[in-house]
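Counting convention: from 1, in listed order, for ligands and their atoms alike.
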Amino acid sequence: MKNNGYNLWLQYTDIENSTLKKKYLSQIKNIHSFGNSETIKACVEELERGFSGLFGDDYFLDKEASNNVLIIGTISNLNDIHQKNLKEDVLQIKKDGFIIKKIEINGNKKIVITAKTATGVLYGVFRFLRELQTNQPIEQIKIIDSPKVDVRILNHWDNLDRTVERGYAGFSIFDWHKLPDFKDPRYLDYARANASIGINGTVVNNVNSNALILTPMYLEKVKALADIFRPYGLKIYLTARFSAPIEIGGLKTADPLNEDVKNWWNEKVKEIYKYIPDFGGFLVKANSEGQPGPQDYDRNHVDGANMFADALAPFKGIVMWRAFVYSEHNPTDRAKQAYTEFVPYDGKFKDNVIIQVKNGAIDFQPREPFHPMFGAMPNTNLMIEFQITQEYMGGATHLVYQPKLFQEVLEADTYRKGKGSIVAKVIDGSLHNKKLTGVSGVSNIGNDINWTGNHFLQSNWYGFGRLAWNPYLDAKSIADEWLRMTFTNENDFVNPIKNMMIDSRETVVNYMTPLGLHHIMATNHHYGPGPWVGNLSRPEWNPVYYHKANEKGVGFNRTKTGSNATAQYAPEVEEMFNNVSTTPEIYLLWFHHLPWDYKLKNGKTLWNNIALKYQQGVNEAENMISSWNLMEQYVDESRFKEIQMMLNIQYKEAKWWRDSCLLYFQQFSKMKLPDGVEKPNKSLNYFQTLKHPYAPGIKSQW
Ligand code: BDP
């Protein structure tokens, strides 16, 4: 059987357990829908699509049936009698939350899927389908669930020429040249997939923005997408290039305090809303990595963000202003710069501004401590940015289940309001009582038939959406759901592969950047190791800047005797990281420069620990292959083989990482590899001369 993976987790394959299937069918004889909005129509279509897949030939609707039926509609559109029955439950739903409940009226059994909004009903429909896909009982079904976060959004780093910055799954799915007239059916499937996991926003163009997207020709195209996405509750957002008033507006300046500039943006925003009445707003990368911004005019982030906020406020649009800033003119530790530039402005941003902060202070590494800005701006809306695409994790050929990483960050304790002030509480707004909250993820989607370039990495899109909906979920249960929906409900498959997914995040850390090492990837494309790189024009683009290896030791001293980045955390956290003995070993070299013979908790030297971790990563990558090889009977041939090939690439590259990094660091440690670590069979020089000029996803040059 061929399965190209296009259907993602919405496989809707025939339910194998025939008793269960019969049970389901006896409870779903007909669908009664109330209301006729596009969204409710989408609900019915999805149910029909789902049922015909899950029930196969056994599926038919008995149009006469009024017992054992499925009722769908917003609460205000349901009959009085249904409303009465659900009165108490409705009080519990928030925002686009939903209720799925079995009720009995005059002896007739019904499963009701309802919500305050049509989008909520759609979320309920997908949730109901998930219950069936994962073979859950529905006799007594009662699920009330609401999103904990307002803006749950994908950031596409997609360019107008369809290249994707840091994209490893082909070209952009957005075919700007053929839009608006050619509407690829894939746009609808993209919206369905997002809605199925509660994602309600998408930024369709790169943060390194091209002002052309704001011209009428492109706005027509954006409108075509927005019209397709709307029934699925998926709002469109655009990145705004700060210098657009000059580039496409004919002005001489983009100074945010200049009246002509303000007017230009006001008019531009009005124009956008004419095309897209429910346009979400802008995402802005300003004064970062050479992008234009308010500082070009001696203004600050507040001036810039608030200018957009004023233009968008009349339409209820928002500005997501990125905190990913660092400057080559600033000699201080790059890890400190965002906090230094933003925290003094706490309380100065307008209500419809939300500051978008990467999960860590450097840049989407396999592991980073949480960003010190979380919890440090109590009077500012603040959202988190994850990178689903694997810029620093081997691209699409490495199986890394990222929800584990996301969860680690969300559970980190900022101590900003005492113990328990975890990042998730900053993000859902509960720590500081915020009205606007958000979670964003840099998309890993491209036009490869399976969307993410590797079947397994669909789980990262899925898991991102689930955690954006509820940042308190457990990565393991998300993996469980995803495996059942995507492959099979066989426990002999689900259990071992779930464990393999969960462990995969630590595996990549082990073979790339163990014990707090970071940013030692090759230059520019970041594919493969490059710890030796030290000749780039900007110091903080060089791996040697981050590991600081020398004869004395290795690691970045960020304690009070070093860059003092630790001072940006709450005192409890600062203290923990300042002291080498209380710093968790997973972050050791992030915060400390330590001698090669420094003893870790296991009594072995730092050098031996580094070497053993690299080896462990390689062993684990190899074990993934063995675990997968046992699964042939559960998986269709094409997906089985493709995943197998990917795992073999990962194993090969894990060895590449181990050998080249150990040879490089060994020049400084001058110590032997400990027992159990395989000897490299190539020279350091060999690794240093490898070139990959066409590795995918290179940063766009604007
Ligand atoms: C870095 C990427 C670069 C992005 C930048 C950003 O290397 O391509 O433009 O982040 O987030 O991770 O703006």
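- Taking the ring axis of Tyr545 as reference, the NZ or CZ atom of Lys548 stays within 45° of it and closer than 6.0 Å to the ring centre.
- Scanning the protein heavy atoms around atom 7 (O) of ligand 1, the nearest turns out to be Glu391 OE2, 2.5 Å.
- Short contacts between ligand 1 and Lys699, defined as distances under 4.0 Å to a heavy atom of the residue, involve ligand atoms 8 (O), 9 (O).
- Of the polar atoms of His526, none of the N or O atoms is found under 3.5 Å from an N or O of ligand 1, judged by distance alone.
- Atom numbering of ligand 1 starts at 1 in the shown order; those under 4.0 Å from a heavy atom of Phe324 are 5 (C), 6 (C), 10 (O), 11 (O), 13 (O).
- Residues Glu540 and Gln337 have side chains that never bring a donor and an acceptor to within less than 3.5 angstrom of each other.
- No hydrogens or angles considered: a donor-acceptor pair under 3.5 Å links the side chains of Lys285 and Asn208.
- Using a 4.0 angstrom heavy-atom cutoff, Arg322 counts as in contact with ligand 1.
- Shortest contact from atom 13 (O) of ligand 1 to any protein heavy atom: Lys285 NZ, 2.6 Å.
- Nearest-residue assignment for atom 1 (C) of ligand 1 (options Ile698, Asp363, Asn524; heavy-atom criterion): Asp363.
- The proximity of Asn208 to ligand 1, defined as any non-hydrogen pair under 4.0 Å, is limited to the side chain.
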- Message: For Phe174 and Tyr190: C-alpha separation, side-chain torsions, deciding distance, then whether ring-ring contact (aromatic ring centres under 6.0 Å, His included) applies.
- Response: CA-CA 11 Å; Phe174 305 121; Tyr190 168 80; 5.8 Å; yes
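- Relative orientation of the Tyr569 and Phe577 rings is perpendicular, given thresholds of 30° and 60° on the angle between their planes.
- The protein heavy-atom contact nearest to atom 4 (C) of ligand 1 is Glu165 OE2, 3.5 Å.
- In terms of protein heavy atoms, atom 10 (O) of ligand 1 is closest to Lys358 NZ, 3.0 Å.
- The aromatic rings of Phe456 and Trp482 sit tilted, their planes meeting at an angle between 30° and 60°.
- Phe364 and His526 have their aromatic ring centers separated by at least 6.0 angstrom.
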